[in-house]
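All values reported here derive from a predicted model rather than from experimental measurement.
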Amino acid sequence: MFETELAQIAERIRAILAEHGIPAPESIDWSPIPFSGTWGVATNFFRVAAAEARAGKAPQGMKVPQRAQQIAALVAEALGTPEGFQKVEAVRGYLNLYFDPAAYAQHVLEVAFRQQQRFGSLAPRGQRVLVEYSQPNTHKAFHVGHLRNVILGESVCRILEAAGYDVVRANYIGDIGLHVIKWLWNYINYHHGEAPPAEGKIRWMGDLYAEAVKRLEANPDLEAEVRALFARWDARDPEIVALWEKTRQWSMEGFDEVYERLGVHFDRVYFESEVEDPGKELVEEMIAKGIATDERPDGPVVVHLDELLGLKKETYRSYVVLRSDGTSLYATKDLPLAILKFQEYPDLARSIYVIDVRQSLYMQQIFKTLEIMGYPWADKLYHLAYEVVNLPGNVTMSSREGTVVLLEDLMREAAARARAVVEEKNPALDDTTKDAVADAVGMGAIKYTMLARENTKIVTFDWERALDFNGVAAPYIQYAHVRANSILRKAGEAPADVLAPAHTLHPAEVELISQLAQLPEAVRRAAEDFKPLHIANQAYEIARAFNDFYNQCPVLNAEAEEVVAFRLRLVAAAKYALAAALRLLAIDAPERM
RNA sequence: GCCCCCGUAGCUCAACAGGAUAGAGCGUCGGACUUCUAAUCCGAGGGUUGCAGGUUCGAAUCCUGUCGGGGGCGCCA
């Protein structure tokens with residue numbers, strides 16, 4: 001807000017400094033004034049004073065903070081009070097500019113009314129980015145660890161869109177590999193002809209996989225059967241391929257249900273199976289170019305990155321692109337997939353991989369290899385690393401080990417608990433609404449706990465914490481939205497125009513407007529760092545400010561008609577902001593609860 | 001052996017590009033519903049930001065070292 005005005009003031013400050021022979025800083029940055037209880041921006045002159053001191057030009061015997069204050073005072077004096085501002089002051093080396101409250105409040109409301117549910121959105125950039133996330137394996141379970149990926153990926157997509165990017169949502173399905181063969185082996189031998197239940201397809205698929213692993217561990221001799229089956233699959237035995245396609249579809253249907261429930265959809269779904277053959281061809285090309293070393297039959301096909309780059313220190317190390325028996329592994333397929341993405345979307349400004357942090361080295365190896373191969377877009381690849389979800393006691397979630405919390409169990413439990421709370425808090429609602437509210441609150445609570453955390457921090461899954469609806473949590477924000485909605489409903493017609501306040505603003509109004517105004521900046525930062533956390537924090541701050549306002553400032557029964565009119569508009573703006581922020585977190589904003 | 005991440009209140013976490021007085025929630029104690037939904041609000045208590053140096057006018061934030069925890073390092077995905 002007020003970027004052009006501030007740029008002009010910055011120029012005037014430069015001129016004032018120049019007049020006094022004081023070296024100008026390379027940039028003049030503005031930040032909010034803390035502890036002020038009103039709106040304004042500040043900049044400081046410590047850098048200027050320090051630079052002056054280093055140059056030996058500082059007035060004799062004057063310390064940097066003291067000199068900074070002197071310069072701030074000097075600038076304040078020369079600047080006067082610019083148009084649109086109420087007050088200018090120099091405090092402890094800072095120059096504080098206070099906006100005219102009425103004008104500022106009106107400006108914030110104007111933006112909110114113009115953007116409405118898109119409040120906080122930035123101008124279009126005309127750039128396209130692709131985000132690959134979720135990446136589930138068919139024939140396996142979908143647990144809470146996978147949930148963090150989906151939620152983070154989806155939120156990042158929404159944030160990037162709000163920041164003006166054109167976003168391609170991509171999924172990459174692990175539909176082939178040893179795990180699939182093991183599953184098929186178990187199915188053919190012990191479950192032939194069975195079909196998954198209508199409810200809980202993913203659980204059923206996961207159970208059969210776990211069973212396969214258990215059988216093979218109990219009797220390692222059976223591995224030979226699995227290898228034989230893998231050979232048939234590799235030879236494209238029609239019977240096996242048909243069964244693979246049919247069973248894969250069961251997993252896909254299960255995934256679709258989950259995505260539907262989470263509010264996630266993809267623009268492009270890639271399958272590992274579609275890049276396997278291109279990958280094998282690519283490996284041959286890499287061998288021919290001397291990028292990959294063929295150590296067969298005694299070893300696999302390897303890319304020795306450090307050697308290729310002439311690095312003496314271990315950096316990128318080496319990795320295998322093709323097994324010694326000629327079968328593919330992850331790297332065989334990730335390389336052609338990266339290429340395929342840029343063939344389909346040549347104008348990508350960024351190709352982002354949402355993948356957990358344990359694969360950081362691997363990702364760097366893939367990116368570096370593509371760079372060595374000469375792909376000009378290699379520098380646009382970005383690994384968005386996030387930490388894993390563990391169980392208490394630092395237990396890694398593993399479908400093999402059976403140490404998992406299944407997504408469907410979590411969602412069911414969340415809905416059930418939320419439903420009980422709705423029943424207690426608002427029994428007057430009809431059943432359909434109660435169900436909808438329970439879903440919004442339950443899913444929201446889960447999503448918020450995963451997003452309101454630094455990507456690089458491990459989440460320890462705990463039932464009580466994940467489903468705690470109190471405190472800093474989605475329901476708190478949703479409740480503020482509901483309260484705002486409730487006031488607007490009672491008021492009748494929603495206000496469509498904007499008013500400047502005619503009364504002296506209450507501190508709670510000041511704080512609320514101030515928090516609303518910070519949403520666009522939160523969007524900018526969240527998009528820049530790929531951190532939904534910034535939105536989660538800002539959403540909470542807005543809700544907190546709104547609840548405080550709600551408590552202290554009557555709206556419909558305010559003391560004067562003009563106050564009612566202004567506050568109604570403020571409530572509407574707050575509702576827009578809350579809905580917008582929740583939308584960026586992929587959390588529903590119910591109308592009542 | 002090499003590399004990455006984490007360490008902030010009793011617990012779980014915040015803290016914009018290094019800026020003014022490090023903030024929330026939970027838990028504990030004490031208050032506020034005849035008033036727009038109390039899933040709310042107010043108050044109290046709680047800190048040598050693991051430790052030691054360094055850079056800087058200024059460090060939770062950057063650098064070096066160190067301790068503790070987690071993770072990754074050629075045929076798993």
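Taking 4.0 angstrom as the limit, A/Tyr362 places none of its side-chain polar atoms (N or O) nearer than this to OP1 or OP2 of B/C76. Distances shown here put every side-chain N or O of A/Arg47 at or beyond 4.0 Å from the OP1 or OP2 atom of B/G18. Regarding contacts with the backbone of B/A77, every side-chain N or O of A/Lys333 stays at 4.0 angstrom or more from both OP1 and OP2. OP1 or OP2 of B/A39 has at least one side-chain nitrogen or oxygen of A/Tyr479 nearer than 4.0 Å. At least one side-chain nitrogen or oxygen of A/Arg54 sits closer than 4.0 Å to the OP1 or OP2 atom of B/C57. Within the structure, a side-chain polar atom (N or O) of A/Arg483 is placed less than 4.0 Å from OP1 or OP2 of B/A38.
If you check B/C16, B/A77, B/A39 against the side chain of A/Pro32, the one that comes closest is B/C16. Comparing B/A39, B/C57, B/A77 by their closest approach to the side chain of A/Pro65 singles out B/C57.
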Between the protein and nucleotides 1-10 of chain B, are there any N/O to N/O pairs under 3.5 Å, and if so, what are the atom names and distances?
unit_1, atom_1, unit_2, atom_2, d
B/G1, N2, A/Arg317, NH2, 2.9
B/C2, O2, A/Arg317, NH2, 2.8
B/C3, OP1, A/Lys313, NZ, 3.2
B/C5, O2', A/Thr456, O, 3.1
B/G7, OP1, A/Lys457, NZ, 3.2

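B/U40 atom P lies 12 Å from atom CD of A/Gln478, rounded to whole Å.
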Taking it one step at a time, do A/Glu511 and A/Gln515 satisfy side-chain hydrogen bond (donor to acceptor under 3.5 Å, both in side chains)?
-> CA-CA 6 Å; A/Glu511 175 64 14; A/Gln515 291 300 337; 2.9 Å; yes

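By the 30° and 60° cut-offs, the orientation of the rings of A/His139 relative to A/Trp183 is perpendicular.
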